[in-house]
Amino acid sequence: LGGSPAEEEYRGDLAAARAAAERALGAARAAGGGAALADALLALGVVHTLRDEVRAAAPYLRELGALPGAPAAHRVR
């Protein structure tokens, strides 16, 4: 997972990375979004993609692409 948005402690453990990203997504939604929401959506998209779950990744990446003010580094093309 080198260079991925997954937290350092979860690199190499995709199941743990996914669970952490899901928790982060819930917290970000509860807090009203912002950069934390973009980070969590990107992390979930990447983790699902690395697990060869492209269909599961797609909704997170679409939502990320539609976020107003999403950081340029998070934009999905």
Side-chain angles (χ1 to χ4, degrees):
L1 289 174
S4 82
E7 297 295 328
E8 186 69 34
E9 64 267 27
Y10 301 115
R11 291 187 181 171
D13 185 344
L14 294 177
R18 185 182 74 191
E22 288 170 346
R23 287 190 301 274
L25 179 60
R29 289 194 194 285
L37 178 59
D39 289 345
L41 290 168
L42 178 61
L44 275 166
V46 168
V47 169
H48 279 296
T49 299
L50 290 172
R51 291 171 56 100
D52 200 25
E53 301 168 348
V54 178
R55 287 188 177 152
Y60 299 111
L61 298 176
R62 276 194 297 271
E63 184 177 351
L64 174 61
L67 280 179
H74 287 50
R75 291 200 183 114
V76 179
R77 294 181 185 200

What distance separates Leu61 CG from Leu42 CG, expressed to the nearest 0.5 Å? 7.0 Å

Can you run down the ring-ring contact (aromatic ring centres under 6.0 Å, His included) pairs that involve residues 26-45, sequence neighbours left out, and say none if there aren't any? none

Per the ring-ring contact (aromatic ring centres under 6.0 Å, His included) rule, what does the pair list look like for residues 45-69, sequence neighbours excluded? His48-Tyr60

Contact check, side chains of Leu64 and Leu67, non-hydrogen atoms, under 4.5 Å: yes

For Ala36, all residues meeting side-chain contact (heavy atoms from CB on, under 4.5 Å), sequence neighbours excluded: Ala28

Quick one: pull up CZ in Arg62 and CG in Leu41 and give me the separation to the nearest 0.5 Å. 12.0 Å

Residues forming a side-chain contact (heavy atoms from CB on, under 4.5 Å) with Ala15, sequence neighbours excluded: Asp13, Arg51

Are the side chains of Arg18 and Arg23 in touch, meaning some heavy atoms are under 4.5 Å apart? no

Non-hydrogen atoms of Ala57 and Gly45 that approach each other most closely: CB-O, 3.4 Å

Provide the closest heavy-atom pair for Ala40 versus Ala21 in the form atom of the first, atom of the second, distance. CB-O, 4.1 Å

Taking atom OG1 of Thr49 and atom CG of Leu14, what is their separation to the nearest 0.5 Å? 11.0 Å

Which residues share a side chain to side chain donor-acceptor pair (under 3.5 Å) with Glu22, sequence neighbours left out: none

